[in-house]
Amino acid sequence: MKAPNMNQGRGVIERFREFLPPCEMVVSLGEGNTPLVFSPRLSARLGHGCEVFVKNEGVNPTGSFKDRGMTVAVSRAIDRGARALICASTGNTSASAAAYAARAGIPCAVVLPAGKIATGKLVQAIAHGAKIVPIDGNFDDALRIVRELGAEKDFVVVNSINPDRIAGQKTAAFEIVGELGDAPDFHFLPVGNAGNITAYWAGYQEFHQRGKSKNLPAMFGFQAAGAAPIFHNRVVEDPETIASAIRIGNPASWKQARAALDESKGAIDIVTDEEISMAQSWLASNEGIFVEPASAASIAGLFKNGQKLRDGSRVVCTVTGHGLKDPDSILRRIHSLEPVPAKIDKVRRAIGF
Ligand code: F0G
């Protein structure tokens with residue numbers, strides 16, 4: 001008997017099945033098909049006839065791009081009769097894995113660096129009923145442990161070392177080509193464990209090989225200055241950044257990311273925490289797009305490198321996760337919100353314009 005289809009008509013497996021590994025049982029929350037928003041103000045900042053688009057992955061079902069890969073990884077885990085899922089995470093993978101596990105009706109364990117997960121992400125993992133195991137260690141330690149547990153067969157690992165994750169995530173590149181009619185000239189994105197840059201490059205190459213696009217973009221990846229192993233070409237033992245999602249010192253897809261950067265004639269660069277915070281505020285207050293700090297690395301990277309792009313370039317910046325994931329990144333900037341008396345004149349004066 002064919003397994004029932006739990007999807008409601010959206011989702012990347014239904015839309016891109018022919019480009020994905022086979023999935024019998026579709027576990028979907030309607031991920032993908034995210035807005036590619038033209039940004040007049042970023043385009044104006046670059047000048048020289050450049051056009052900048054923001055691919056807003058924060059509007060996926062659990063608020064990050066991870067859902068694209070999770071639907072494929074979890075669907076195929078269920079097809080193989082998996083009994084439980086496990087992942088290491090800086091937060092978003094755990095939120096996504098927990099949600100898709102709940103949808104599939106199987107348990108999920110998440111191994112996290114203690115005290116380093118943004119509030120919203122931890123809340124998601126709790127709400128979806130994941131077994132949360134904080135460790136005294138960083139993400140790289142968590143991933144090492146998860147790899148070992150994954151070898152024991154009780155668990156299917158749903159980190160991006162699982163190729164089904166990468167397969168699902170490449171659909172973002174397909175959507176961009178579909179919407180722009182071709183690949184952009186430049187693609188900017190944040191880099192942590194380096195799965196996403198690997199996935200985008202795979203997606204762009206695949207569409208190019210199949211004759212669906214003429215262009216191939218140069219891939220530009222951005223690491224936080226305190227967590228920049230690929231940029232420095234060495235493992236960072238104690239990575240540190242406010243962009244907790246990309247606080248990673250030894251990325252799992254390092255080699256694949258290096259290949260994507262070299263083959264696409266792109267580059268890896270660093271952005272400071274200050275540049276990240278500034279870009280996060282700028283995007284929220286100038287374009288109405290609220291992203292978490294790690295996501296703003298692509299925008300900070302554009303501010304840093306925008307002048308180097310040739311005239312008339314088309315640029316896509318991926319913003320990877322929603323701003324509500326990490327409310328503290330904004331609340332820290334506000335000292336106090338003093339109440340005023342409940343009188344119209346006092347309120348008018350407090351508004352100040
Ligand atoms: N942006 C956000 C919001 C992320 O959560 C991540 C990774 C990245 C960018 C970097 O993507 O790892 O494919 O290079 N988050 C992982 C996690 C590590 O556990 O949620 P990458």
Side-chain angles (χ1 to χ4, degrees), residues 34 55-60 62-70 73 86-99 110-113 116-118 120-122 124-125 130 138-143 146 157-162 165-166 168-170 172 187-203 219-224 227-231 239 241-258 260-261 268 271 276 279-280 290-301 317-326 329:
T34 55
K55 181 68 169 163
N56 187 1
E57 290 287 278
V59 302
N60 273 299
T62 75
S64 86
F65 70 98
K66 306 285 181 181
D67 297 343
R68 291 180 184 277
M70 207 55 76
I86 192 166
C87 66
S89 185
T90 56
N92 282 321
T93 297
S94 62
S96 186
V110 303
V111 184
L112 310 171
K116 298 292 184 183
I117 307 299
K121 304 174 191 181
L122 197 54
Q124 287 178 288
N138 60 29
F139 170 82
D140 304 298
D141 299 319
L143 186 56
V146 163
V157 176
V158 293
N159 281 102
S160 57
I161 53 172
N162 178 336
R165 280 275 315 279
I166 304 289
Q169 282 174 212
K170 73 187 176 185
H187 193 115
F188 282 44
L189 79 172
V191 171
N193 214 22
N196 212 25
I197 192 167
T198 303
Y200 268 97
W201 181 236
M219 303 297 300
F220 279 76
F222 297 91
Q223 298 190 300
I230 302 178
F231 178 80
T241 168
I242 54 151
S244 57
I246 52 172
R247 188 175 168 272
I248 294 174
N250 189 9
S253 299
W254 191 327
K255 267 203 207 115
Q256 296 90 320
R258 195 64 263 170
L261 295 163
I268 189 101
V271 283
I276 288 172
Q280 181 194 24
F290 181 30
V291 303
E292 65 169 285
S295 305
S298 59
I299 306 298
C317 294
T318 295
V319 291
T320 44
H322 202 286
L324 288 172
K325 295 257 188 189
D326 190 357
S329 69

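Just follow the structure's listing: the first ligand is 1, and inside any ligand the first atom is 1.
Distances below 4.0 Å separate heavy atoms of Ile246 from the following atoms of ligand 1: 8 (C), 9 (C), 10 (C). Residue contact check: Phe65 has heavy atoms under 4.0 Å from atoms 1 (N), 2 (C), 4 (C), 6 (C), 8 (C), 9 (C), 11 (O) of ligand 1. Short contacts between ligand 1 and Asn196, defined as distances under 4.0 Å to a heavy atom of the residue, involve ligand atoms 13 (O), 21 (P). Listed by number with element, the atoms of ligand 1 under 4.0 angstrom from any heavy atom of Gly195 are 13 (O), 14 (O), 21 (P). Using a 4.0 Å cut-off to heavy atoms of Lys66, the atoms of ligand 1 that qualify are 5 (O), 6 (C), 7 (C), 15 (N), 16 (C), 17 (C), 18 (C), 20 (O). Shown in contact with Asn193 at under 4.0 Å from a heavy atom are these atoms of ligand 1, numbered in order with element: 12 (O), 14 (O), 21 (P). Every atom of ligand 1 with a heavy atom of Ser89 under 4.0 Å away is listed here by number and element: 17 (C), 19 (O), 20 (O). Of all the atoms in ligand 1, the ones that sit under 4.0 Å from a non-hydrogen atom of Ile248 are 18 (C).
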>> Set out, in order, the CA-CA distance, both residues' side-chain angles and the distance that settles side-chain contact (heavy atoms from CB on, under 4.5 Å) for Phe290 and Gln280, then state yes or no.
In response: CA-CA 7 Å; Phe290 181 30; Gln280 181 194 24; 4.0 Å; yes
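With Ala194, Ala252, Ser295 as candidates, the residue nearest to atom 14 (O) of ligand 1 on a non-hydrogen basis is Ala194. Selection from Thr93, Asn159, Thr320 by nearest heavy atom to atom 9 (C) of ligand 1 gives Thr320.
With hydrogens and angles left out, the side-chain atoms of Thr62 and Gln124 include no donor and acceptor closer than 3.5 Å. Thr34 and Asn56 share no side-chain donor-acceptor pair at under 3.5 Å.
For Val191, no nitrogen or oxygen atom sits less than 3.5 Å from a nitrogen or oxygen atom of ligand 1, counting backbone and side chain alike. The shortest N/O to N/O separation between Ala88 and ligand 1 does not fall below 3.5 Å. Some N or O of Asn92 is nearer than 3.5 Å to an N or O of ligand 1, by distance alone. Between Lys121 and ligand 1, no N or O atom pair is found at a separation short of 3.5 Å.
In terms of protein heavy-atom proximity, atom 4 (C) of ligand 1 is closest to Ala245 CB, 3.5 Å. In this structure, the protein non-hydrogen atom closest to atom 18 (C) of ligand 1 is Thr90 OG1, 3.4 Å.
Residue contact check for ligand 1: Leu189 places no non-hydrogen atom closer than 4.0 Å to it.
Contacts with ligand 1 closer than 4.0 Å are made by side-chain heavy atoms of Glu292 only, the backbone lying farther away.
Checked against Gln223 for a side chain to side chain contact (heavy atoms under 4.5 Å, CB included), the options Ile268, Val271, Ile246, Thr241 give a single hit: Ile268.
By the 4.5 Å heavy-atom criterion applied to side chains, Arg258 and Ile230 are counted as neighbours.
The salt bridge (charged side-chain N to carboxylate O under 4.0 Å, His left out) test applied to Arg247 returns Glu240, not counting sequence neighbours. Applying the ring pair (Phe, Tyr, Trp, His ring centres under 6.0 Å) criterion to Tyr200, with sequence neighbours excluded, gives His187.
Between Pro251 and Asn193, the shortest heavy-atom distance links the atoms CA-OD1, 3.4 Å. The heavy-atom pair separating Ile166 from Gly195 by the smallest distance is CD1-O, 3.5 Å. When all heavy atoms are compared, the tightest approach of Gly249 to Trp254 is O-CZ3, 4.5 Å.
With rounding to the nearest 0.5 Å, the separation of CZ in Arg165 from OG1 in Thr198 is 11.5 Å.
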